[in-house]
Amino acid sequence: MFYIISLLGNFMVLFVVGKEQTLHKPMHLLLCMLALTDIAMSTSVVPKALCIFWFNLTSITVGGCLTQMFFLHTVSAIQSAVLVTMAFDRYVAICNPLRYTTILTNTRIAQLGLAALMRAVLIVLPLPLLLSRQPFCANRIIPNTYCDHIAVAKISCGDTTVNRIYSLVVVLVCTGLDLTLITLSYVLIIRALFRISSKKTHQKALSTCTAHICVMLMFYPPFVFSSLTHRYGQGIAPHIHILLANLYFVAPPMLNPVIYGAKTKELRDKVGKYTRRR
């Protein structure tokens, strides 16, 4: 049900923004990027998980596992970059509103999206390539419903030191850099708001940023928790770890369209127009 709702919600965002010329703006293009990453993220995990639970199809080829791993981690890196771009969008909208249309054009958003894709591919590609050269033990059981890099590395009989170090560096550098840039954007926003005494302006700025903050809270804490517990969470019960890890791939993709639909009046009105017409 979560998966179907997430597909319906995200495809609705893509359909409405694509059909409505008035929504062809940087913020709505970023929402489309977020919707695409949500669809890709849940689709890379949920169908296979349903095959495991419904039909007991618990096996996967090494190539299929490495492919799933690549798409899974690539999409996560892209989504993190999209959230950084959204933070920059909010900064420009609040701190430099008169220059918004010149700083953030549709072409520039497309360029930032392409840069996010290239960064994600270049960073993530070594992970499956390094694992593809490793020998695997007789006990090839991954204690999860998807092929996480560390989970696969743990069933290898070879020396995975390089794999573990590189994956940790990717998490710390990629996530750490993105969180730093987001924090910097909000520090500048808060500093700009302190210079303005208008209570109405403060409320408008808070309303503008609320959706982005909610999406970040659903993305980064579970992502960091899952990454760290795969490495250091031996004391956590397996069923708790597996449940939280799988919720990470179905709950945020389902809730993100709802959050932005509720907080973005222009998008909400257009969605309402199409649903009433149906």
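Numbering of residues begins at 1 and proceeds along the displayed sequence.
- Between the side chain of Thr105 and the backbone N or O of Thr101 there is no donor-acceptor pair closer than 3.5 Å.
- In this structure, Asn163 and Leu127 have side chains that are not in contact, with every pair of non-hydrogen atoms separated by 4.5 Å or more.
- At least one side-chain heavy atom of Tyr166 sits under 4.5 Å from a side-chain heavy atom of Pro126.
- Under the 30°/60° scheme for interplanar angles, the aromatic rings of Tyr186 and His212 are found to lie parallel.
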Margin query: Applying side chain to side chain contact (heavy atoms under 4.5 Å, CB included) to Met27 and Ile109, what does each step give before you reach the verdict?
Written below: CA-CA 9 Å; Met27 184 58 196; Ile109 292 297; over 6 Å; no
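- Side-chain heavy atoms closer than 4.5 Å link hydrophobic residues (I, L, V, M, F, W, Y) into clusters, and following such links, possibly through other members, connects Ile123 to Phe219.
- Test Leu7, Val46, Leu255, Val250 against Phe2 for side chain to side chain contact (heavy atoms under 4.5 Å, CB included) and you get one pass: Val250.
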Next item on the list: Check the pair Ile39 / Ser6 against side chain to side chain contact (heavy atoms under 4.5 Å, CB included), numbers first and verdict last.
Entry: CA-CA 7 Å; Ile39 292 169; Ser6 70; over 6 Å; no
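- The distance from atom CG of Leu117 to atom CG of Leu112, rounded to the nearest 0.5 Å, is 12.5 Å.
- No donor-acceptor pair closer than 3.5 Å links the side chain of Gln68 to the backbone N or O of Val45.
- A salt bridge between Asp89 and Arg108 is absent, with no side-chain N of the basic residue lying under 4.0 Å from a carboxylate O of the acidic one.
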Next item on the list: Please step through side-chain hydrogen bond (donor to acceptor under 3.5 Å, both in side chains) for the pair Asp159 and Gln134, ending with a clear verdict.
Entry: CA-CA 8 Å; Asp159 184 9; Gln134 292 289 338; over 6 Å; no
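- Residues Tyr91 and Leu184 have side chains not in contact (no heavy-atom distance under 4.5 Å, counting atoms from C-beta outward).
- The shortest distance between side-chain heavy atoms of Phe88 and Leu104 falls below 4.5 Å.
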Note to self: Please evaluate residues Met69 and Leu131 with respect to the criterion side chain to side chain contact (heavy atoms under 4.5 Å, CB included), reporting the C-alpha separation (whole Å), side-chain torsions for both, the decisive distance (0.1 Å), and the verdict.
What the structure shows: CA-CA 10 Å; Met69 179 194 306; Leu131 274 181; 3.4 Å; yes
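- The shortest non-hydrogen separation linking Ala81 to Arg119 is CB-NH2, 3.8 Å.
- Using a distance-only test at 3.5 Å, with no hydrogens or angles considered, no donor-acceptor pair links the side chain of His149 to the main chain of Ser167.
- Shortest non-hydrogen contact noted between Pro222 and Leu217 is CD-O, 3.9 Å.
- The distance from atom SG of Cys157 to atom CZ of Arg140, rounded to the nearest 0.5 Å, is 8.5 Å.
- Taking CG of Leu31 as the start and CG of Leu14 as the end, the distance is 10.0 Å to the nearest 0.5 Å.
- Annotation: side chain of Tyr220 is in contact with side chain of Ser80 (closest heavy-atom distance under 4.5 Å).
- A donor-acceptor distance shorter than 3.5 angstrom exists from the side chain of Ser132 to the backbone of Leu129, with no hydrogens or angles considered.
- Heavy-atom minimum distance, Pro257 versus Asn10: CG-OD1, 3.3 Å.
- Paired with Gln79 under the rule side chain to side chain donor-acceptor pair (under 3.5 Å), one option of Asp38, Thr74, Asp178 passes, and it is Asp38.
- Listed here is the closest heavy atom pair of Leu30 and Met86: O-CE, 3.6 Å.
- A heavy-atom distance below 4.5 Å is found between the side chains of Pro47 and Tyr3.
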Next item on the list: I would like to know whether Asn256 and Leu34 meet side chain to side chain contact (heavy atoms under 4.5 Å, CB included); could you show each step before the answer?
Entry: CA-CA 8 Å; Asn256 286 346; Leu34 185 66; 4.3 Å; yes
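- In this structure, Val124 is not a member of the same hydrophobic cluster as Leu122, with clusters built from ILVMFWY side-chain heavy atoms closer than 4.5 Å.
- When the side chains of ILVMFWY residues are joined at heavy-atom separations under 4.5 Å, either directly or via intervening members, Leu179 and Leu177 end up in a single hydrophobic cluster.
- The hydrophobic clustering, which links ILVMFWY residues whose side-chain heavy atoms are closer than 4.5 Å, places Leu247 and Leu50 together.
- Panel note: side chain Ser156, backbone Pro135; a donor-acceptor pair is recorded below 3.5 Å.
- Sparse packing is recorded around CZ of Phe71, with 12 or fewer heavy atoms of other residues, nucleotides or ligands lying under 6.0 Å away.
- Atom OG1 of Thr85 is separated from atom CD1 of Ile78 by 11.5 Å, given to the nearest 0.5 angstrom.
- Smallest separation of non-hydrogen atoms from Ser76 and Met41: OG-CE, 3.6 Å.
- Residues Lys154 and Ile142 have side chains not in contact (no heavy-atom distance under 4.5 Å, counting atoms from C-beta outward).
- Considering CG of Asn246 and CG of Asn144, their distance stands at 5.5 Å, rounded to 0.5 Å.
- Rounding to the nearest 0.5 Å places CG of Leu83 at 9.5 Å from CE of Met218.
- Closest heavy-atom contact between Met216 and Pro221: O-CD, 3.5 Å.
- A continuous path of Ile, Leu, Val, Met, Phe, Trp and Tyr side chains, each step under 4.5 Å between heavy atoms, connects Tyr100 with Ile103, placing both in one hydrophobic cluster.
- No more than 12 heavy-atom neighbours from other residues, nucleotides or ligands sit within 6.0 angstrom of CD1 on Ile4.
- At distances below 3.5 Å, at least one donor-acceptor pair connects side-chain atoms of Lys48 with backbone N or O atoms of Leu57.
- Using modelled atom types, no side-chain atom of Thr43 and backbone atom of Ala40 make a donor-acceptor pair closer than 3.5 Å.
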